[in-house]
2 protein chains.
Amino acid sequence: MAYPRRVGAETSKTRAHLLEAAERIMLDEGYAAVTYRALAAKAGVTAGLVQYYFPTLDDLFVAMLRQRTDRTHDRLVETLRQHADEPLRAVWEFNRDDTTAALMMEFLALANHRKSIRAEVALVSSRFRKAQLEALKVKWPEYGPLNEELSPAVCIFLLQAIPKMILLENAVGMPTSHTQVLKLVNGYIDRIEPRRRTPKTQKVQSKSRSRRSG
Amino acid sequence: MAYPRRVGAETSKTRAHLLEAAERIMLDEGYAAVTYRALAAKAGVTAGLVQYYFPTLDDLFVAMLRQRTDRTHDRLVETLRQHADEPLRAVWEFNRDDTTAALMMEFLALANHRKSIRAEVALVSSRFRKAQLEALKVKWPEYGPLNEELSPAVCIFLLQAIPKMILLENAVGMPTSHTQVLKLVNGYIDRIEPRRRTPKTQKVQSKSRSRRSG
DNA sequence: GTCTATACGGCGATAGAC
DNA sequence: GTCTATCGCCGTATAGAC
């Protein structure tokens, strides 16, 4: 029976190394390329050893998501704290981070087809959402009539949906009007949260990916 | 050698039946569940026969996308023609269609990992985009200062990105503020394109899916 | 033109030996 | 902790029967 299945310790150095390698594969070639054998080859171990730490691929994906999420959530909270005077811009810049967005998009697609990933994705999403919502609600009353029809929740949905969709379309090679969309959002934010510091050049969205083999 | 590989005729009734069955599997269980053996079982034929019509799975996916696209494009053009006085609303309602959006989202995810699907997805997307753009541009000058900062292209991006993202989040079980977002867009459209006919009740977005097994 | 049978290597997963 | 052997399913290729 599968009851007393032996699993490697979470403190293992090998385990941490495997998680790193798996993330690199995922970013370079997509989640479909994360296989026991490929990961083992990349990390210089046997496939059996990978399975010792992650009995199923779902276990591996959940562990990857948890680790990445913990780090990113810390960064989000810190960013929101530092830019408490302009939470809208902070939320936008956070969601525009390519690596985070690419990984989250990968996990979203994965969750769409893997039951056990769904609960984990929903959980981390609500954590992120909660942190952003709280920061935005504090300043919301000051924003006045400019956004009479918007709400913090709607803003957050749009501010995270837009970069993800742009990323996905870029990956597929769809030539739509992403530059215009980014300009629209930037303009809207600049109007609600006027810049105080030097408006340093906006990071260009998503250089074309070298990823994906087939 | 692989040179004189024999492939079934495109007029075959069996082939059409297989395409239908494949689409049903894709909608019910996701693209990952579309395998030769599963499709053969569902259609009541042998796996070899499926391969006779679609030598590789990519061939199958491309054929599925082409067929679905041709039908949907006809419907889009007809809808835009009938509602030439309110193209914005027509574009919105078209993109809100759940089955079409779900299939396109599936193909988008597929294209993210399958090289040969990418070109096809990019192609059909630009076809759809072009039709919507032309219809919207005709009426655009009349819309006045309400949307001074928007453009037809940006509108179309948002009008198709929002339903897709809502669909994806629903599928994953993310409880975000979709109702508010839909209300925002509906309100915006109602303001730009005031309703003339009876404002019949808006279709509720996406009942929770029963799909996905693992 | 349709369709079947069979084989191959890669995959996730399990059980169990060192 | 580490690694091997094995199982059943997968995509794909090929040879050949009606």
Side-chain angles (χ1 to χ4, degrees), chain A residues 1-19 21-22 25-26 29-64 110-111 113-117 212-214, chain B residues 1-22 25-26 29-64 109-111 113-117 212-214:
Chain A
M1 290 304 151
Y3 279 65
R5 175 86 175 257
R6 295 201 299 159
V7 179
E10 291 205 7
T11 55
S12 160
K13 189 140 188 167
T14 304
R15 200 187 111 112
H17 182 209
L18 288 173
L19 283 176
I25 295 178
M26 202 181 210
E29 309 171 60
Y31 69 78
V34 180
T35 70
Y36 282 122
R37 289 154 175 94
L39 176 52
K42 186 140 195 159
V45 300
T46 64
L49 185 57
V50 180
Q51 273 183 293
Y52 166 62
Y53 287 104
F54 309 102
T56 72
L57 274 190
D58 282 6
D59 294 327
L60 170 63
F61 287 129
V62 167
M64 289 172 69
L110 199 52
H113 295 293
R114 287 199 172 239
K115 206 169 166 226
S116 55
I117 309 294
R212 313 312 188 193
S213 46
Chain B
M1 292 302 153
Y3 279 66
R5 175 84 176 258
R6 297 206 295 164
V7 179
E10 292 205 5
T11 55
S12 161
K13 189 141 188 168
T14 305
R15 200 187 111 112
H17 181 210
L18 287 173
L19 283 176
E20 269 181 45
I25 295 178
M26 203 182 211
E29 308 172 61
Y31 69 78
V34 180
T35 69
Y36 281 122
R37 289 157 175 93
L39 176 53
K42 186 138 197 160
V45 299
T46 64
L49 185 56
V50 180
Q51 253 184 299
Y52 166 62
Y53 287 104
F54 309 103
T56 71
L57 273 191
D58 282 7
D59 294 326
L60 170 62
F61 286 130
V62 167
M64 289 172 69
L110 198 53
H113 296 293
R114 287 201 172 237
K115 206 169 167 232
S116 55
I117 309 295
R212 312 311 188 196
S213 46

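Just so it is clear, the model here is predicted, and its values are computed rather than measured. Protein chains get the first letters and strands the later ones, always in sequence-line order, with residue 1 at the start of each.
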Could you list the donor-acceptor pairs under 3.5 angstrom formed between side-chain atoms of residues 34-47 of chain A and any protein atom two or more places apart in sequence or on another chain?
{"residue": "A:Thr35", "atom": "OG1", "partner": "A:Ala38", "partner atom": "N", "Å": "3.0"}
{"residue": "A:Tyr36", "atom": "OH", "partner": "A:Phe54", "partner atom": "O", "Å": "2.8"}
{"residue": "A:Tyr36", "atom": "OH", "partner": "A:Pro55", "partner atom": "O", "Å": "3.0"}
{"residue": "A:Tyr36", "atom": "OH", "partner": "A:Thr56", "partner atom": "N", "Å": "3.3"}
{"residue": "A:Tyr36", "atom": "OH", "partner": "A:Thr56", "partner atom": "O", "Å": "3.4"}
{"residue": "A:Tyr36", "atom": "OH", "partner": "A:Leu57", "partner atom": "N", "Å": "3.1"}
{"residue": "A:Thr46", "atom": "OG1", "partner": "A:Leu49", "partner atom": "N", "Å": "3.3"}

Name each donor-acceptor pair under 3.5 Å that joins a side chain in residues 7-17 of chain A to protein atoms two or more places apart or in another chain, with its distance.
{"residue": "A:Ser12", "atom": "OG", "partner": "A:Thr14", "partner atom": "N", "Å": "3.0"}
{"residue": "A:Ser12", "atom": "OG", "partner": "A:Arg15", "partner atom": "N", "Å": "3.1"}
{"residue": "A:Ser12", "atom": "OG", "partner": "A:Tyr53", "partner atom": "OH", "Å": "2.9"}

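Nucleic acid contact for A:Tyr53: sugar-phosphate only, since backbone atoms but no base atoms lie under 4.0 Å from a heavy atom of the residue. Looking at heavy-atom distances under 4.0 Å, A:Val50 makes no contact with the nucleic acid at all. B:Thr56 comes within 4.0 angstrom of sugar-phosphate atoms only, judged by non-hydrogen atoms across all strands, and of no base.
For the pair A:Ala22 and A:Leu60, the tightest heavy-atom approach, listed with the atom from each and the gap, is CB-CD1, 4.3 Å. Annotation for A:Ile117 and A:Ala111: closest pair CB-CA, 4.0 Å, computed over non-hydrogen atoms. A:Glu29 and B:His113 make their closest contact through O-ND1, 4.2 Å (heavy atoms, listed as atom of the first residue, atom of the second, distance).
Not a single side chain to side chain contact (heavy atoms under 4.5 Å, CB included) links B:Ala32 to another residue, sequence neighbours left out.
Here the CE atom belonging to A:Met26 is positioned 5.0 Å from the CG atom belonging to A:Leu110, to the nearest 0.5 angstrom.
To the nearest angstrom, C1' of D:dA13 lies 18 Å from CZ of B:Phe54. Nucleotide D:dT2 holds its P atom 16 Å from the CZ atom of A:Arg5, rounded to whole Å. Regarding A:Ile25, its CD1 atom lies at a distance of 11 Å from the P atom of C:dC11, rounded to whole Å. Nucleotide D:dG1 holds its P atom 14 Å from the NZ atom of A:Lys13, rounded to whole Å. When the C1' atom of D:dA13 is taken as reference, atom CG of B:Asp59 falls 14 Å away, rounded to whole Å. Atom OH of B:Tyr36 is separated from atom P of D:dT14 by 13 Å (rounded to the nearest Å). Look at NE2 on B:His17: it is 16 Å from C1' on C:dC3, rounded to the nearest Å. Put simply, CG on B:Leu39 is 10 Å from P on D:dG11, counting in whole angstrom units.
The closest side-chain heavy-atom distance from B:Met64 to B:Tyr31 is not below 4.5 Å.
Counting only residues at least two apart or on different chains, the salt bridge (Lys or Arg N to Asp or Glu O under 4.0 Å) pairs with a member in residues 48-63 of chain B are B:Asp58-B:Arg114.
If you find the closest nucleotide of DNA chain C to B:Gly8 and to A:Thr35, the one lying nearer the 5' end belongs to B:Gly8.
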Detail all sub-3.5 Å separations between protein N/O atoms and N/O atoms belonging to nucleotides 16-18 of chain D.
{"residue": "D:dA17", "atom": "N6", "partner": "B:Arg6", "partner atom": "NH2", "Å": "2.9"}

Please list, pair by pair, any protein nitrogen or oxygen found under 3.5 Å from a nitrogen or oxygen in nucleotides 4-10 of chain C.
{"residue": "C:dT4", "atom": "OP2", "partner": "B:Thr46", "partner atom": "OG1", "Å": "2.5"}

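Side-chain proximity of A:Leu57 to the nucleotides C:dA13, D:dT14, D:dG11 is greatest for C:dA13.
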